[in-house]
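As a basis for the values below, the full set of heavy atoms in this structure was taken, side chains included, without hydrogen atoms, waters or symmetry mates.
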Amino acid sequence: MPHKIKDAVCTNVLSKSWKQAWNSLPRYDFSFYGRIHRKDYHKSVWEKQSGGADLEEKIDKFVKSVDEVLLPLRDQKTIIQCFRLSMTLCDAKYASCIDNWMKLANRNHMETLYLNLINMEKVKRYVLPKTAFSVGSLAKLTLKGCKLLGDYFGDNMNKFICLRNLTLLSVEVDNLTVKKILCFCALLEEFTQSWCMKAEFVHIGYVPKLKKAILNGVKRIKIEAPNLEELYCRGHPTIIGRLDSDSFACSNVKKK
């Protein structure tokens with residue numbers, strides 16, 4: 001048998017084996033909701049000072065329940081179609097718990113990540129670990145209420161080869177870090193940035209697939225996306241006066 005035919009047969013067998021192995025992986029859709037309203041938080045603080053119930057006990061129970069649900073991720077590879085976490089941080093100690101959950105999720109094929117964190121008084125924002133930006137399988141990423149650092153976005157960082165939708169809501173992040181993130185998203189189609197601390201100037205570099213951008217709470221913008229079709233701006237009234245033709249390298253955009 002000629003070598004080319006042998007190679008083709010081997011490739012076909014490997015392809016079928018890989019497909020069977022892929023289809024046999026368990027699939028999960030995780031949704032965890034552990035948010036506490038601020039009025040309940042203040043009530044709990046008062047009750048704790050008076051010798052009553054402790055809010056931390058409720059959060060501890062929530063943490064324990066998440067740990068139990070995520071146990072299968074420790075022993076086997078899985079496909080995580082969606083991982084949603086909404087949680088109130090009433091103490092800095094819970095950041096390590098979120099770190100552990102993120103590590104477990106990042107080890108697997110995760111397609112959607114939704115992280116919504118509410119920080120109570122005197123509690124620092126949760127810093128998303130660097131490993132969250134090395135998940136090549138992510139297609140949709142939504143972050144709210146956390147903090148992003150710029151020093152873990154180096155030139156040798158893995159790119160978001162599948163990311164098509166990125167949303168940053170009330171995230172503490174600077175202008176340069178947002179620009180770096182977008183540089184790694186070649187297939188990004190929709191980008192949203194709303195009321196992000198320290199990121200009032202948005203520079204969207206060359207993102208060839210970007211079709212829609214929603215920007216709230218920004219003062220200056222510069223866009224180099226050739227296929228952008230829709231641009232929504234809200235927040236600072238003065239921004240409309242800055243949207244001149246020199247700010248855009250795209251011909252199809254509709255400013256709204």
Side-chain angles (χ1 to χ4, degrees), residues 82-86 110-117 125 127-128 130 132-150 152-155 157-256:
C82 186
F83 189 101
R84 300 183 190 89
L85 174 64
S86 293
M110 182 165 53
E111 298 171 354
T112 298
L113 173 61
Y114 177 87
L115 189 61
N116 179 14
L117 301 176
R125 285 175 176 252
V127 179
L128 198 70
K130 181 179 180 179
F133 292 93
S134 60
V135 183
S137 58
L138 269 180
K140 185 174 183 179
L141 175 61
T142 299
L143 302 175
K144 183 176 181 180
C146 59
K147 181 178 180 179
L148 303 182
L149 300 178
Y152 48 48
F153 292 99
D155 295 333
M157 187 185 112
N158 294 330
K159 294 187 177 182
F160 283 121
I161 58 175
C162 297
L163 194 66
R164 287 172 169 77
N165 189 303
L166 173 62
T167 300
L168 305 177
L169 306 174
S170 301
V171 173
E172 185 176 339
V173 59
D174 59 49
N175 305 326
L176 183 57
T177 300
V178 174
K179 182 181 177 182
K180 286 181 179 180
I181 295 174
L182 294 176
C183 287
F184 289 97
C185 304
L187 298 182
L188 193 67
E189 297 177 355
E190 184 172 335
F191 172 61
T192 298
Q193 177 183 310
S194 291
W195 306 105
C196 291
M197 299 173 62
K198 304 177 182 179
E200 294 181 338
F201 169 49
V202 179
H203 182 186
I204 300 177
Y206 184 72
V207 187
K209 300 289 186 179
L210 189 66
K211 296 180 180 179
K212 182 178 180 181
I214 301 174
L215 306 174
N216 295 320
V218 295
K219 294 181 178 179
R220 294 174 54 209
I221 61 176
K222 182 178 181 181
I223 299 176
E224 303 170 31
N227 294 308
L228 187 68
E229 297 177 357
E230 298 179 68
L231 174 62
Y232 297 83
C233 292
R234 297 289 185 272
H236 293 277
T238 57
I239 191 176
I240 301 302
R242 297 177 182 267
L243 298 182
D244 53 60
S245 58
D246 294 334
S247 300
F248 299 90
C250 39
S251 58
N252 300 321
V253 67
K254 299 176 183 177
K255 306 172 192 178
K256 298 186 179 181

Looking at every non-hydrogen atom in both residues, tell me the closest pair between [X] and [Y] and how far apart they are.
| X | Y | result |
| --- | --- | --- |
| Cys162 | Gly136 | SG-O, 3.4 Å |
| Gln193 | Val218 | NE2-CG1, 3.7 Å |
| Pro208 | Asn227 | O-ND2, 2.6 Å |
| Ala199 | Val178 | CB-CG2, 4.4 Å |
| Leu168 | Cys196 | O-SG, 3.5 Å |
| Val173 | Leu148 | CG2-CB, 4.0 Å |

Would you sort out whether Tyr206 and Cys183 count as a side chain to side chain contact (heavy atoms under 4.5 Å, CB included), showing the intermediate values? CA-CA 7 Å; Tyr206 184 72; Cys183 287; over 6 Å; no
Say you draw a straight line from [atom1] of [X] to [atom2] of [Y]; how long is it, rounded to the nearest 0.5 Å?
| X | Y | atom1 | atom2 | result |
| --- | --- | --- | --- | --- |
| Leu182 | Ile204 | CG | CD1 | 6.0 Å |
| Phe201 | Leu176 | CZ | CG | 10.5 Å |
| Thr142 | Leu166 | OG1 | CG | 8.0 Å |
| Arg84 | Asn116 | CZ | CG | 12.5 Å |
| His203 | Arg220 | NE2 | CZ | 10.5 Å |
| Glu190 | Glu230 | CD | CD | 8.5 Å |

Beyond-backbone contact of Glu111 with Phe83, side-chain heavy atoms, under 4.5 angstrom: no
Any side-chain heavy-atom pair from Phe191 and Cys185 closer than 4.5 angstrom?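 With C-beta onward as the side chain, the pair stays apart.
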Go through the structure and list residues passing side-chain hydrogen bond (donor to acceptor under 3.5 Å, both in side chains) with Ser194, not counting sequence neighbours.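 Partners of Ser194 by the side-chain hydrogen bond (donor to acceptor under 3.5 Å, both in side chains) criterion, ordered by chain and then number, come out as Asn216.
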Checking Lys179 against Lys222 for the side chain to side chain contact (heavy atoms under 4.5 Å, CB included) test, could you report, in this order, the C-alpha distance in whole Å, the side-chain angles of both residues, the deciding distance, and whether it holds? CA-CA 11 Å; Lys179 182 181 177 182; Lys222 182 178 181 181; over 6 Å; no
Please check: side-chain N/O of Ser137 versus main-chain N/O of Met110, any donor-acceptor pairing under 3.5 Å?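 Here the side-chain-to-backbone pair exists.
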Check the pair Leu143, Leu128 against side chain to side chain contact (heavy atoms under 4.5 Å, CB included), reporting the backbone distance first and the verdict last. CA-CA 9 Å; Leu143 302 175; Leu128 198 70; 3.7 Å; yes
Set out, in order, the CA-CA distance, both residues' side-chain angles and the distance that settles side chain to side chain contact (heavy atoms under 4.5 Å, CB included) for Leu231 and Leu215, then state yes or no. CA-CA 8 Å; Leu231 174 62; Leu215 306 174; 4.0 Å; yes
In this structure, which one of Ile181, Leu163, Leu141 forms a side chain to side chain contact (heavy atoms under 4.5 Å, CB included) with Leu188? Leu163
Results of salt bridge (Lys or Arg N to Asp or Glu O under 4.0 Å) for Lys198 - residues two or more places apart only: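 By the salt bridge (Lys or Arg N to Asp or Glu O under 4.0 Å) rule, Lys198 matches Glu172.
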